Amino acid sequence: MNIKELISKSSSEQRKALLNKEVSAQELVNAVYDKVDAVDSEIGAYNSLTKDFALETAKKVDEKIKNGEDLPPLAGIPLALKDNINLKSYPTTASSKILENFISPYDATATQKLKANLIPIIGKANMDEFAMGSSNENSAFKIVRNPWNLKKVPGGSSGGSAAAVAAGEATMALGSDTGGSIRLPASYCGLVGLKPTYGRVSRYGLIAFASSLDQIGPITRTVEDAALLLNVIAGHDEKDSTSLNQPAGDFTEGLKNDLKGVKIGYIKELCSEGLNPEVEAAVKKSLDDYKSMGAEIIEISLPLIKYSIAVYYIIATAEASSNLARFDGVKYGYRTKNAQNLYEMYVKTRAEGFGDEVKRRIMLGTYALSSGYYDAYYKKAQQLRRLVKNDFDNAFKKVDVLLSPTCPHTAFDIGSKIEDPLSMYLTDIATITANLAGIPAINVPVTVDKTGMPIGVQLQADCLKENKLLNVAFKLEEAVQFNYSIPSMSQV
Ligand code: GLN
């Protein structure tokens with residue numbers, strides 16, 4: 001296999017080529033940068049590149065191979081890092097003007113783990129500003145285009161991470177998921193995207209959007225790669241007080257187990273009404289695949305889903321309004337040049353530094369938390385959040401895994417929803433409940449629609465049941481044999 005083909009394969013194929021000395025890690029990284037040079041002016045997946053760091057890491061990998069030393073499983077495999085995860089001495093902008101010139105003084109815990117595993121970081125991936133969005137049109141710098149069709153959005157907010165992997169500009173990526181931002185772009189770009197259990201992966205060094213919902217997770221070409229990358233980033237971290245004190249374990253364990261006796265529940269409310277017919281057919285076909293593998297299929301009703309968007313957009317914006325208060329022009333980031341006094345400095349810095357969607361969220365969140373409205377909005381949303389979690393707890397007494405589409409439709413045209421925030425918010429209907437409940441969830445690409453755009457199926461499991469979730473996802477991947485390499489991309 002030539003190196004141009006190799007860069008669009010899974011990590012296990014790339015590792016094989018490295019260990020057999022068919023290519024060096026430095027050659028692999030350089031080939032990925034050639035791809036970035038060829039396509040990224042159109043795709044827009046990266047805000048900045050970290051070439052000296054990536055090549056230095058690849059060199060260490062090559063030395064280890066030369067000396068016959070043990071190599072961590074993902075050593076030398078090129079990765080795109082979402083630009084809200086700190087990488088020491090490089091820019092971390094969260095795609096916001098307010099952090100445009102910010103250089104990280106420290107590494108996120110997830111980044112430290114990537115470094116310890118000798119994973120070359122290719123660059124900082126573009127995203128919706130502060131991870132607020134579903135289409136990656138909210139970046140302050142440039143939009144991201146979907147490599148499957150450049151007129152379509154890649155999904156958001158981790159759109160740069162997903163587009164990079166789909167286009168061969170990285171083999172895998174880290175994203176962050178507050179209401180679907182890993183799973184939605186994975187589904188629009190034909191990739192696997194995993195949001196782990198809340199607390200499974202440290203949030204230390206992730207720029208906070210909504211702290212009770214945010215989780216870092218993998219975007220990859222295969223389920224096995226997602227499990228391997230989760231092995232790298234998971235684990236307790238005393239620097240994050242919400243990090244779970246749980247043994248991380250090996251998430252590839254049980255991946256290939258058969259599904260006899262496994263109970264799969266399809267979510268009634270998400271599997272029929274308002275679905276694009278091709279998405280509906282893909283969901284039905286997945287259920288049939290599972291049935292023929294010996295799984296038991298059960299209908300599950302989660303009636304509170306209809307409130308979840310409202311609940312999410314109160315809680316997430318309330319937390320965001322508080323988290324983003326730190327961007328005031330004093331400690332770091334952008335500061336206005338036209339202020340006459342301190343008050344004006346705060347106001348103008350924030351007015352000039354934040355984009356429209358971020359301002360909308362800060363206003364909504366501040367309103368929901370203000371004294372006259374707290375009980376009516378924020379408190380009520382928290383009560384409903386508990387009820388949503390109870391519904392999931394009851395469902396997981398009956399089934400092992402829940403199945404639904406990841407999104408009711410495939411990737412939409414750039415510009416078609418940006419003027420209508422409410423219709424944009426509705427794209428999250430299937431994904432946000434996992435964040436409200438803290439449970440793990442994964443997108444598995446299953447097929448393409450008649451225009452050639454990928455369709456994804458979402459699987460969700462109870463807290464800490466990633467092994468079961470990955471096992472069920474792996475079996476679906478095996479059954480559908482989705483072809484994740486995009487023909488138009490392999491020609492460049
Ligand atoms: N689309 C959702 C939002 O805009 C989710 C974002 C995310 O998961 N970061 O809030």
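Bear in mind the structure is a predicted one, so any value in this text is a computation, not a measurement. Whatever order the structure lists them in is the order used to number ligands and atoms, beginning at 1.
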**Prompt:** What do we get for Y425 next to ligand 1 when only non-hydrogen atoms under 4.0 Å count, side chain, backbone, both or neither?
**Reply:**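 Looking at Y425 and ligand 1, no heavy atom falls under 4.0 Å.
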**Prompt:** For ligand 1, which part of Q215 has a heavy atom less than 4.0 Å away: the side chain, the backbone, both, or neither?
**Reply:** neither
Looking only at protein heavy atoms, identify the closest one to [atom] and say how far it is in Å.
atom	answer
atom 2 (C) of ligand 1	D428 OD2, 3.1 Å
atom 6 (C) of ligand 1	S181 OG, 2.9 Å
atom 10 (O) of ligand 1	Y312 OH, 2.6 Å
atom 3 (C) of ligand 1	Y313 OH, 3.3 Å

Using distance alone, decide if ligand 1 has a nitrogen or oxygen within less than 3.5 Å of any nitrogen or oxygen in [X].
X	value
T178	yes
A131	yes
F209	no

**Request:** Going by the side chain to side chain contact (heavy atoms under 4.5 Å, CB included) test, name the single residue among K380, R385, K379 that passes it with Q382.
**Result:** R385
**Request:** Fit a plane to each ring of Y188 and H409, take the angle between them on a 0 to 90° scale, and name the class: parallel (under 30°), tilted (30 to 60°) or perpendicular (over 60°).
**Result:** tilted
**Message:** Which label fits F354 and F130: parallel for a plane angle under 30°, tilted from 30 to 60°, or perpendicular past 60°?
**Reply:**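 Aromatic pair F354/F130 classed perpendicular.
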**Request:** Kindly say whether the aromatic ring centers of F102 and F327 come within a distance under 6.0 Å.
**Result:** no
**K88, NZ: over 12 other non-hydrogen atoms inside 6.0 angstrom** = no
**Asked** Could you walk me through whether I267 and Q460 pass the side chain to side chain contact (heavy atoms under 4.5 Å, CB included) check?
**Response** CA-CA 10 Å; I267 304 175; Q460 309 182 70; 3.7 Å; yes
**Request:** Could you walk me through whether I442 and Q458 pass the side chain to side chain contact (heavy atoms under 4.5 Å, CB included) test, one step at a time?
**Result:** CA-CA 6 Å; I442 191 168; Q458 174 179 246; over 6 Å; no
